[in-house]
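What follows is a short report on a single structure.
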Amino acid sequence: MLNAQCYDSLVDLSAQIGPLTLKNPLIAASGCFGYGVEYKEAVDLASLGAVCVKGLFLHEREGHRPPRIVETPAGMLNAIGLQGIGVHRFVREHLPALRDLGATTIVNVCGSTLDEYVEVTKVLSDHEGVAAVELNISCPNIKAGGIQFGCSLTGAHDVVALVKRATALPVIPKLTPNVTDVASFARVAQEAGADAVSLVNTFLAMAIDVETRRPKLSNVLGGLSGPAIRPIAVRMVWECRQAVTIPILGMGGIASGTDALEFIIAGANAVQVGTANFFDPLIWNKLVADIEDYLRRHRIERLSDLVGGVEVSAFEPAWIDS
Amino acid sequence: MLNAQCYDSLVDLSAQIGPLTLKNPLIAASGCFGYGVEYKEAVDLASLGAVCVKGLFLHEREGHRPPRIVETPAGMLNAIGLQGIGVHRFVREHLPALRDLGATTIVNVCGSTLDEYVEVTKVLSDHEGVAAVELNISCPNIKAGGIQFGCSLTGAHDVVALVKRATALPVIPKLTPNVTDVASFARVAQEAGADAVSLVNTFLAMAIDVETRRPKLSNVLGGLSGPAIRPIAVRMVWECRQAVTIPILGMGGIASGTDALEFIIAGANAVQVGTANFFDPLIWNKLVADIEDYLRRHRIERLSDLVGGVEVSAFEPAWIDS
Amino acid sequence: MIVDIDAEVMANTKLSADYNVLVLAAPDIARQARPGQFVMVKPSGSFTPLLRRPFSIFEVLRDPSGTPGAISLLNKRIGVGTTLLWDVEPAGRVLCLGPLGRPFEPVDPPAEAFMVAGGVGLAPFATLGDALIARGTRTTLFYGARRGPELLYTEWFATRGVTLALATEDGSRGDHGLVTQPLQRALAARVSSDPVALYACGPTPMMHAVWKLAAGFGRDVQVSLEPVMGCGMGGCYSCVIPIRNDGGQRHFVRSCLAGPVFNASRVVWEDLMG
Amino acid sequence: MIVDIDAEVMANTKLSADYNVLVLAAPDIARQARPGQFVMVKPSGSFTPLLRRPFSIFEVLRDPSGTPGAISLLNKRIGVGTTLLWDVEPAGRVLCLGPLGRPFEPVDPPAEAFMVAGGVGLAPFATLGDALIARGTRTTLFYGARRGPELLYTEWFATRGVTLALATEDGSRGDHGLVTQPLQRALAARVSSDPVALYACGPTPMMHAVWKLAAGFGRDVQVSLEPVMGCGMGGCYSCVIPIRNDGGQRHFVRSCLAGPVFNASRVVWEDLMG
Ligand SMILES: Cc1cc2nc3c(=O)[nH]c(=O)nc-3n(C[C@H](O)[C@H](O)[C@H](O)COP(=O)(O)OP(=O)(O)OC[C@H]3O[C@@H](n4cnc5c(N)ncnc54)[C@H](O)[C@@H]3O)c2cc1C
Ligand SMILES: Cc1cc2nc3c(=O)[nH]c(=O)nc-3n(C[C@H](O)[C@H](O)[C@H](O)COP(=O)(O)OP(=O)(O)OC[C@H]3O[C@@H](n4cnc5c(N)ncnc54)[C@H](O)[C@@H]3O)c2cc1C
Ligand SMILES: Cc1cc2nc3c(=O)[nH]c(=O)nc-3n(C[C@H](O)[C@H](O)[C@H](O)COP(=O)(O)O)c2cc1C
Ligand SMILES: Cc1cc2nc3c(=O)[nH]c(=O)nc-3n(C[C@H](O)[C@H](O)[C@H](O)COP(=O)(O)O)c2cc1C
Ligand code: FES
Ligand code: FES
């Protein structure tokens with residue numbers, strides 16, 4: 001009994017993301033938790049591993065007209081259009097509060113050009129309270145043929161390398177799943193000096209109202225997130241784990257402790273929770289408790305010992321589409 | 001009243017797939033309807049637009065060890081491993097029965113080499129009762145780096161061109177969604193002489209049992225299908241519709257008449273129903289009735305007039321991952 | 001403080017073919033609720049549907065000692081989530097997050113209050129009516145529906161001392177026509193220096209009409225808007241409403257934080273009506 | 001003919017902490033059902049869970065005139081689908097597809113029948129027992145469970161004239177130990193020329209043990225296997241069982257078509273046990 005209790009107190013949930021130590025591996029995903037401060041009345045921000053705030057450009061953006069979201073089976077599409085207050089207002093209006101609330105703040109950085117990524121990062125580097133930058137390099141403009149940063153290996157490399165040169169903050173590119181081989185992007189990110197990679201962003205998708213024959217989203221296309229995508233995201237995390245040595249922040253449909261553990265066992269050092277915030281905003285304590293309980297039951301002292309622990313000895317994939 | 005009744009009788013559900021006329025656009029998807037004959041006691045095969053039988057190689061295959069399927073939110077993973085009786089036994093044991101049952105039979109053709117696709121197709125061309133071949137060109141071997149046919153544009157081109165030269169049957173390559181730009185594959189297929197394209201096959205995915213830390217499928221990876229993937233599949237059909245003029249056979253998560261119409265309005269000339277067969281095997285009459293009802297309510301005489309009818313005039317996609 | 005309560009269903013009363021009232025044991029929400037605030041309800045434990053649904057807090061129910069112990073929701077069955085809330089049985093449970101959003105500002109005497117409701121837009125006015133009457137404010141409920149039987153809870157308001165001005169599109173009860181008719185008459189009967197606070201909730205075109213009518217009399221309206229809401233907490237930016245700021249510039253604000261109650265004069269109605 | 005019936009739940013009787021019996025109005029299935037066949041049940045109208053679940057047809061229930069009108073399912077609550085079938089209320093509905101699969105082959109006198117059940121593996125033996133007794137075949141049910149209270153329906157079998165041989169792991173009823181103990185004694189009491197047909201259903205290790213025991217006495221067993229099944233119709237190839245064919249070669253056959261009943265001597269047990 002004494003032993004078990006001692007053991008209990010030893011469970012170590014911390015996650016190391018490059019130079020950054022998170023108290024636990026649970027991060028609120030960008031775009032799904034506002035600027036964090038919106039949740040202060042309901043969630044103790046200091047109890048999260050980190051808060052990743054909504055994507056920021058240099059300037060304010062209005063975003064797309066509504067409808068901006070639509071539900072799909074076990075998922076949802078969004079096309080918010082990255083409405084945001086811009087980095088300057090963010091550091092003025094919200095960063096001090098996040099600091100005061102004890103949040104570990106990661107900022108999701110957007111750019112229409114390489115320069116903009118660098119500029120936004122520089123502004124953030126000049127202010128106290130930013131723990132890391134996450135680079136949102138998912139196809140920005142699919143109309144012009146897209147494939148600028150997130151969908152081209154050289155584009156991804158350049159963004160990471162340039163931002164890395166401009167800041168001392170940990171740099172975490174966030175990969176899009178809308179590519180043939182996500183692991184090659186993780187590899188390129190590591191080569192360019194990334195401290196970690198985040199994946200996945202949303203899957204490009206569409207929903208049509210058959211009665212009106214019009215898209216359900218004002219923007220026509222949107223990103224699919226939520227439990228529906230989890231099995232694809234887990235696969236991608238697993239693939240990336242074999243491709244890189246830097247930490248992985250895994251996400252896509254996490255809605256329970258079991259889901260979070262699935263990503264960790266697949267190879268994620270930390271996990272982000274996006275869509276589940278919308279239907280279960282007080283999920284965080286449950287996640288921490290479930291993961292701690294798991295570690296105790298399995299007599300695992302450090303969560304980090306579980307990362308990538310999936311056993312695939314018998315892996316002989318021949319045909320998979322079958 | 002008389003007018004309405006006359007109008008009623010005029011609803012034309014037929015779908016033109018190259019030289020092939022289907023009585024309606026509803027096709028049982030490959031791998032989700034056995035060899036068709038299994039369903040003869042429950043479904044009138046002649047009432048379907050077509051039956052697409054399970055993928056066939058030249059020779060018999062045992063497939064993967066169980067577990068071969070696992071449920072996921074609004075979806076399922078499968079790694080059957082293309083168990084099958086081979087094309088020779090198929091034409092001997094099942095094709096005559098399919099003919100007798102009045103089924104329009106499309107055969108899903110697999111190959112480990114270019115030659116095998118050609119050989120299987122030749123055997124099928126020599127027998128009466130095959131309406132078309134669908135080429136399963138989804139990444140066959142992800143271990144060896146994959147990207148042989150389905151994930152390389154030249155590979156896709158070569159398979160289609162070679163098979164086309166070897167047969168008078170309509171040739172329909174089936175595209176994998178696990179690529180950055182599925183429309184480029186549709187374009188290449190059209191250039192190579194394809195009569196139509198089918199999409200989508202399943203999404204490469206993974207599920208891990210956190211208690212045992214082992215993959216839930218014996219094959220580690222599997223393909224995600226079912227309602228969960230529908231919004232991604234609809235987007236891909238819409239993209240391909242803008243890229244090619246040949247007919248599109250759309251699929252991915254269709255489980256209702258509304259779902260089928262969504263694909264048709266996005267640009268599919270016909271649709272395939274896969275996973276829904278498993279939980280709703282008698283779905284076909286409902287689908288036909290729902291689509292007929294829709295056409296009547298909207299005063300559309302021919303289903304073909306609805307194909308690609310989505311209105312996206314206001315399409316201005318800037319950032320989508322937002 | 002915002003709480004999430006796995007609330008027991010204490011009663012589910014069908015009012016008509018499409019309307020029901022759900023009573024939920026949610027003392028911590030009942031205690032904090034202010035008129036016009038809402039809750040986010042999870043109609044199913046599964047992922048069908050995935051998201052919660054926003055509902056105005058209809059009544060705040062108190063025990064004999066006057067302690068708030070429950071809230072009720074006025075539910076109109078229109079789709080998958082509201083059908084689940086129509087079907088739920090007493091003793092069942094629904095997750096209920098709240099209270100959320102910017103409330104109405106109840107007016108004090110000598111000002112008079114006009115509450116204008118269309119259909120299920122009645123929902124925020126039970127608590128607002130209570131608050132107004134408690135302040136001694138003379139209160140009229142202008143309330144329209146398609147048919148007479150769809151005018152709900154009129155007794156409830158009448159017994160509390162709220163004056164009723166009803167309208168039905170089929171003329172079966174009250175004015176034959178839209179709710180703006182009795183409202184037009186009432187506004188015309190006041191001189192512009194009479195202080196009148198207007199509150200409206202209902203279909204967007206109806207709220208727009210109320211605003212145009214009121215503006216013609218030089219008055220503003222507090223409208224409770226009902227956009228699709230993904231989270232209700234300010235997390236997702238799905239619920240935005242086009243608002244004109246002081247400089248006259250249009251921008252999108254989150255309805256779940258800056259609303260659901262807005263001054264109609266700030267709303268860019270052309271954009272909202274699409 | 002295989003039919004899919006949106007069957008009304010006529011009764012849901014809890015037998016223990018985890019077992020219940022669901023009676024479903026499904027005349028077209030009841031009429032056609034043969035012992036050992038199964039149905040595919042959709043436990044939810046939503047996509048959670050997505051797939052149907054296979055269940056043996058437990059009883060075929062007849063109206064006073066003897067016409068089959070309903071079937072029952074013996075449900076053991078172990079996961080999401082079986083929990084929904086535990087919770088379903090009378091007058092609720094579940095989609096029920098069947099009858100499916102290759103049935104048992106009931107044996108005629110003078111042969112004797114041994115039915116061997118472990119836990120929920122009892123399910124196929126009510127209809128088989130009925131069929132055997134109707135033929136005048138002397139029938140014994142060897143039935144094991146962990147604890148006495150988990151031995152269900154023993155009265156039911158006894159009143160029909162089925163001899164019972166029970167075993168519990170905790171010794172609270174029947175043999176203290178596994179069901180193979182009374183079976184071993186019974187087999188040892190027969191000479192090899194006595195015709196005995198063996199039928200078994202239960203956990204795979206138990207069926208394997210029964211087969212090894214029987215084989216030692218030179219007898220085969222008809223086993224009803226319970227793999228995961230995606231469709232029950234031969235459509236998906238998820239349910240395969242490794243079987244040795246006449247040439248001795250191992251291959252996978254679909255359990256929903258070639259089974260669920262197999263001759264144990266054909267099954268490649270090493271592979272099945274994984
Ligand atoms: C602040 C607020 C308070 C509300 N209070 C109440 C209330 O007290 N009582 C009540 O019955 N309803 C209220 N609503 C509306 C209610 O939230 C929606 O009716 C509900 O979300 C619909 O869910 P559903 O799953 O039944 O519909 P779905 O199946 O999701 O949709 C069915 C149809 O309704 C449309 N729809 C969905 N949501 C809305 C919406 N918000 N506005 C207009 N059309 C919509 C869809 O586009 C679709 O055509 C309120 C909304 C808001 C934002
Ligand atoms: C032909 C046939 C007849 C059957 N007859 C009956 C019956 O009469 N009564 C009855 O209670 N059950 C019967 N079963 C088993 C029943 O189908 C499963 O228990 C059920 O599908 C589990 O569903 P679930 O959603 O509750 O479990 P899930 O939530 O899907 O799974 C819960 C756990 O059980 C495991 N599991 C799921 N299915 C099976 C299975 N088939 N075998 C072993 N483990 C499984 C899962 O891997 C998981 O660990 C039968 C199965 C077959 C193939
Ligand atoms: C409404 C919404 C807004 C989002 N905004 C952003 C964003 O600004 N930047 C970003 O990198 N990802 C954004 N995402 C993607 C999420 O951070 C996350 O990568 C994705 O939703 C998958 O995780 P989930 O399934 O847990 O939601 C957004 C997602 C949603 C649903
Ligand atoms: C169990 C299973 C087996 C499949 N086998 C094949 C196959 O042999 N050949 C093929 O081209 N596609 C195969 N598919 C893919 C389907 O034909 C279809 O492309 C995919 O499942 C998406 O459609 P759905 O969501 O309607 O199932 C299979 C799918 C499943 C679920
Ligand atoms: S509903 Fe999510 S921000 Fe308002
Ligand atoms: S369960 Fe689908 S083939 Fe047997």
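Proteins come first, then strands; the chains are lettered A, B, ... in the order of their sequence lines, and each starts at number 1. Quick caveat: nothing in here was measured; it's all calculated off a predicted structure.
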query: Are side-chain heavy atoms of A:Pro73 and B:Arg230 found at a separation under 4.5 Å?
result: yes
Proximity breakdown for B:Thr72 and chain A, heavy-atom pairs closer than 4.5 Å: side chain
- request: Output the option from A:Pro215, A:Gly63, A:Gly55 having the highest count of non-hydrogen pairs under 4.5 Å with chain B.
  value: A:Pro215
field: Residues that B:Ser184 engages under side chain to side chain donor-acceptor pair (under 3.5 Å), provided they are two or more places apart
entry: none
query: Between B:Leu221 and A:Trp238, is any pair of side-chain heavy atoms under 4.5 Å apart?
result: yes
field: Which of B:Ile264, B:Leu224, B:Val310, B:Thr258 touches chain A most, by non-hydrogen pairs under 4.5 Å
entry: B:Val310
- prompt: Would you say B:Val237 and A:Met206 make side-chain contact, with heavy atoms under 4.5 Å?
  reply: no
message: Using every non-hydrogen atom in the two residues, find where A:Asn178 and B:Arg235 come nearest and quote the distance to one decimal.
response: OD1-NH2, 3.7 Å
query: Does some side-chain heavy atom of A:Ile208 sit less than 4.5 Å from a side-chain heavy atom of B:Phe263?
result: no
- request: Name the region of B:Arg297, side chain, backbone, both or neither, that has any atom closer than 4.5 Å to a heavy atom of chain A.
  value: side chain
- prompt: Can you check whether A:Glu211 reaches B:His298 side chain to side chain, under 4.5 Å on heavy atoms?
  reply: yes
- request: Mind listing the closest non-hydrogen atom pair of B:Glu262 and A:Val210 along with its distance?
  value: N-CG1, 3.6 Å
Engaged part of B:Leu306 at the chain A interface, taking heavy atoms whose separation is under 4.5 Å: side chain
statement: Here the pair of heavy atoms bringing A:Ile232 nearest to B:Ala205 is N-CB, 3.8 Å
query: What part of A:Leu261 lies closer than 4.5 angstrom to a heavy atom of chain B: side chain, backbone, both or neither?
result: both
- request: Check whether B:Tyr294 gets within reach of chain A through its side chain, its backbone, both or neither, counting any heavy atom under 4.5 Å.
  value: side chain
- prompt: With a 4.5 Å heavy-atom cut-off, do B:Val312 and A:Arg213 have their side chains touching?
  reply: no
- line: When rounded to the nearest 0.5 Å, the distance separating CG of A:Leu204 from CD of B:Glu239 is 6.0 Å
- prompt: Using a cut-off of under 4.5 Å for heavy-atom pairs, which of B:Gly84, B:Gly75, B:Ala233, B:Ala74 has the most such pairs with chain A?
  reply: B:Ala74
